[in-house]
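Nothing here was measured: the structure is a model prediction, and the numbers come from that model. Reminder, nothing fancy here: chain letters follow the sequence lines and each chain counts from 1.
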2 protein chains.
Amino acid sequence: MPSALERSKALFIRRWGELSGYWGINRTMAELHALLYISAEPLCTDDIMAALQISRGNASMNIRQLVDWGLITRQHRKGDRKEYFAAETDVWEMFQCIVRERRRREVEPIIETIERCRKMAAEELETLSEAERQQAEIYGRRLNDLAEFLNAVNALLNALLSSGQPGIEMLKAILPPS
Amino acid sequence: MPSALERSKALFIRRWGELSGYWGINRTMAELHALLYISAEPLCTDDIMAALQISRGNASMNIRQLVDWGLITRQHRKGDRKEYFAAETDVWEMFQCIVRERRRREVEPIIETIERCRKMAAEELETLSEAERQQAEIYGRRLNDLAEFLNAVNALLNALLSSGQPGIEMLKAILPPS
DNA sequence: AAATAGTTTCAGATTGATCTGAAAGTTCAG
DNA sequence: CTGAACTTTCAGATCAATCTGAAACTATTT
């Protein structure tokens, strides 16, 4: 029978994994991250395979991705050829890694696409009938609204990312003086 | 050969759909939303099926979900038994719908789980060895940090959601006076 | 109350994402 | 250079999410 501590950790890992679906990352990657985040010591690949019951290949792939995101780092020990992995434990740093990656994958591409769509729709406008031209006008306005909003979001994210180390304090500062 | 306008719309819909993976919603739901967002007129189920090349069942399911999220609304026309659907076109309202739903699905459950994990880990502490107790201490600290951060995020989201109609202006106000 | 127009549901099919495990690759010590 | 220790890759297997389509259901008209 596992201890309450073990069960608590398992629950945390499972839940973090379940939420992964909403984050555009896969379950195993999220579980792996949770495992390292709550681990007192860096773990090696075999530790991870045993803890999450996954294959070596799967572990390797997901470790690599987490390293790419900047959420975990490789570590070495003197006189040991194995690699060990440790998670970033500063929550604010973690958050920045995630924001940076998601902005790159989501916000920027859609802004870029909207720009392309606007250019494309502007072509051939003169060849359209009156009714079609009205439709095009509405379409253009919708794209515009969205682009304006996304640019504001993007600027906000930039501000968050470049705000050095004020960390959680900055977030709190934004809040209404409750 | 479709007009530039058609191609532009198709591109926008496709791209919005591709990004859905990062949003925890499925591709069709995102495409359906994009289609309605850029449409000048409300569309009926058959229009949607034709535009996206999907089955009636699929259309029905995804329409329902979008209605649940509050991103589209049902509309009726005098002397017509069909239902028509229109997207919320105010970008700020749209954003609020999404934030509300995602907070409910992601932020709140993980905060709740962390609380449970903390309670669970606190049990049986006295039965642990010295080494284990140190591990438990670190684990508790990590959960703490995360909970603190998530509570700040949650409060920020609440502020955004309850901020009435200042809309994009508020977002901009947060930004550094560039 | 029967016919018609439209909507919803859900079992099974399809598709796409993820995982495995063995082979290939890499690094290092001797 | 060779072997040992470890890591990465990737073709095929597995699994989960999504989609289809036909039947069941609901609402409206005559």
Side-chain angles (χ1 to χ4, degrees), chain A residues 13-36 42-69 72-86 105-106, chain B residues 13-36 41-69 72-86 101 105-106:
Chain A
I13 290 170
R14 191 172 346 116
R15 206 74 174 88
W16 199 248
E18 282 167 8
L19 289 176
S20 64
Y22 301 118
W23 282 86
I25 66 176
N26 74 46
R27 171 171 308 229
T28 303
M29 183 171 155
E31 289 186 348
L32 213 162
H33 177 250
L35 173 66
L36 290 174
L43 302 181
C44 69
T45 304
D46 292 274
D47 295 335
I48 292 168
M49 289 166 61
L52 302 181
Q53 298 280 21
I54 60 177
S55 72
R56 193 170 293 281
N58 195 9
S60 172
M61 292 291 222
N62 284 294
I63 286 169
R64 177 225 280 265
Q65 282 203 82
L66 285 167
V67 171
D68 288 347
W69 278 58
I72 68 176
T73 51
R74 292 171 196 278
Q75 314 223 313
H76 292 275
R77 290 183 187 171
K78 66 280 157 196
D80 186 345
R81 277 168 66 179
K82 272 216 266 308
E83 286 186 309
Y84 290 79
F85 302 94
R105 295 177 176 215
E106 297 165 47
Chain B
I13 291 171
R14 192 175 343 119
R15 205 75 174 87
W16 200 249
E18 282 167 8
L19 290 176
S20 63
Y22 302 119
W23 283 86
I25 66 177
N26 74 45
R27 171 171 308 228
T28 302
M29 183 172 156
E31 288 187 349
L32 213 162
H33 176 250
L35 173 66
L36 291 175
E41 297 292 324
L43 302 180
C44 70
T45 304
D46 293 274
D47 296 334
I48 293 168
M49 288 165 60
L52 303 181
Q53 298 279 21
I54 59 176
S55 71
R56 191 170 295 281
N58 195 9
S60 173
M61 292 291 223
N62 284 293
I63 287 168
R64 177 224 282 265
Q65 282 204 83
L66 284 167
V67 171
D68 288 347
W69 278 57
I72 68 177
T73 51
R74 292 171 195 279
Q75 314 222 313
H76 292 275
R77 291 182 188 172
K78 66 282 159 196
D80 186 344
R81 278 166 65 177
K82 273 216 266 307
E83 287 186 309
Y84 290 79
F85 303 94
E101 197 65 20
R105 296 176 175 215
E106 298 165 47

Check the distance between [N]'s [atom2] and [X]'s [atom1] and give it to me in whole angstrom.
{"X": "B/Arg56", "N": "C/dC10", "atom1": "CZ", "atom2": "P", "value": "18 Å"}
{"X": "A/His76", "N": "C/dA29", "atom1": "NE2", "atom2": "P", "value": "13 Å"}
{"X": "B/Glu31", "N": "D/dT18", "atom1": "CD", "atom2": "P", "value": "13 Å"}
{"X": "A/Lys82", "N": "D/dA4", "atom1": "NZ", "atom2": "P", "value": "17 Å"}
{"X": "B/Arg77", "N": "C/dA5", "atom1": "CZ", "atom2": "P", "value": "18 Å"}
{"X": "A/Gln65", "N": "C/dC19", "atom1": "CD", "atom2": "P", "value": "10 Å"}
{"X": "B/Ile54", "N": "D/dG21", "atom1": "CD1", "atom2": "C1'", "value": "13 Å"}
{"X": "A/Asn58", "N": "D/dA11", "atom1": "CG", "atom2": "C1'", "value": "15 Å"}

(message) Using side-chain heavy atoms (C-beta onward) and a distance below 4.5 Å, is A/Leu43 in contact with A/Phe85?
(response)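 No. Closest side-chain heavy atoms not under 4.5 Å.
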(request) Answer with base, sugar-phosphate or nothing: what part of the nucleic acid does B/Asn26 contact at a heavy-atom distance below 4.0 Å? (result)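 Here B/Asn26 touches the backbone only, sparing every base.
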(message) Counting the atoms with a prime plus P, OP1 and OP2 as sugar-phosphate, which does B/Arg27 contact under 4.0 Å by heavy atoms, base, sugar-phosphate, or nothing?
(response) nothing
(message) For the residue pair B/Arg74 and B/Tyr84, would you count it as a cation-pi contact if the rule is NZ or CZ under 6.0 angstrom from the ring centre and within 45 degrees of the ring axis?
(response)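 No, a cation-pi geometry is absent between B/Arg74 and B/Tyr84.
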(message) Nearest heavy atom decides the nucleotide; on that basis, is A/Ala59 or B/Glu83 closer to the 5' end of DNA chain C?
(response) B/Glu83
(message) Heavy-atom nearest nucleotide on DNA chain C for A/Gly57 versus A/Ile25: which residue maps closer to 5'?
(response) A/Ile25
(request) Look at the side chain of A/Ser60 and decide which nucleotide, out of D/dT8, C/dT20, C/dG6, has an atom nearest to it. (result)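 Between D/dT8, C/dT20, C/dG6, the one nearest the side chain of A/Ser60 would be D/dT8.
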Quick check for you: to the nearest 0.5 Å, what is the distance between [X] atom [atom1] and [Y] atom [atom2]?
{"X": "B/Ser20", "Y": "B/His33", "atom1": "OG", "atom2": "NE2", "result": "12.5 Å"}
{"X": "A/Arg27", "Y": "A/Leu52", "atom1": "CZ", "atom2": "CG", "result": "12.0 Å"}
{"X": "A/Arg77", "Y": "A/Lys82", "atom1": "CZ", "atom2": "NZ", "result": "9.0 Å"}

(request) Examine D/dC19: is either OP1 or OP2 under 4.0 Å from a nitrogen or oxygen in the side chain of B/Asn62? Give yes or no. (result)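 True: B/Asn62 side-chain N/O within range (under 4.0 Å) of D/dC19 OP1/OP2.
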(message) I want to check one thing: is the phosphate of D/dC19, taken as OP1 and OP2, less than 4.0 Å away from some side-chain N or O of B/Thr28?
(response)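 So the side-chain polar atoms of B/Thr28 do come within 4.0 Å of the phosphate oxygens OP1 or OP2 of D/dC19, strictly under.
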(message) Can you tell me whether the side chain of B/Arg81 and the base of D/dA27 have a donor-acceptor pair closer than 3.5 Å?
(response) yes
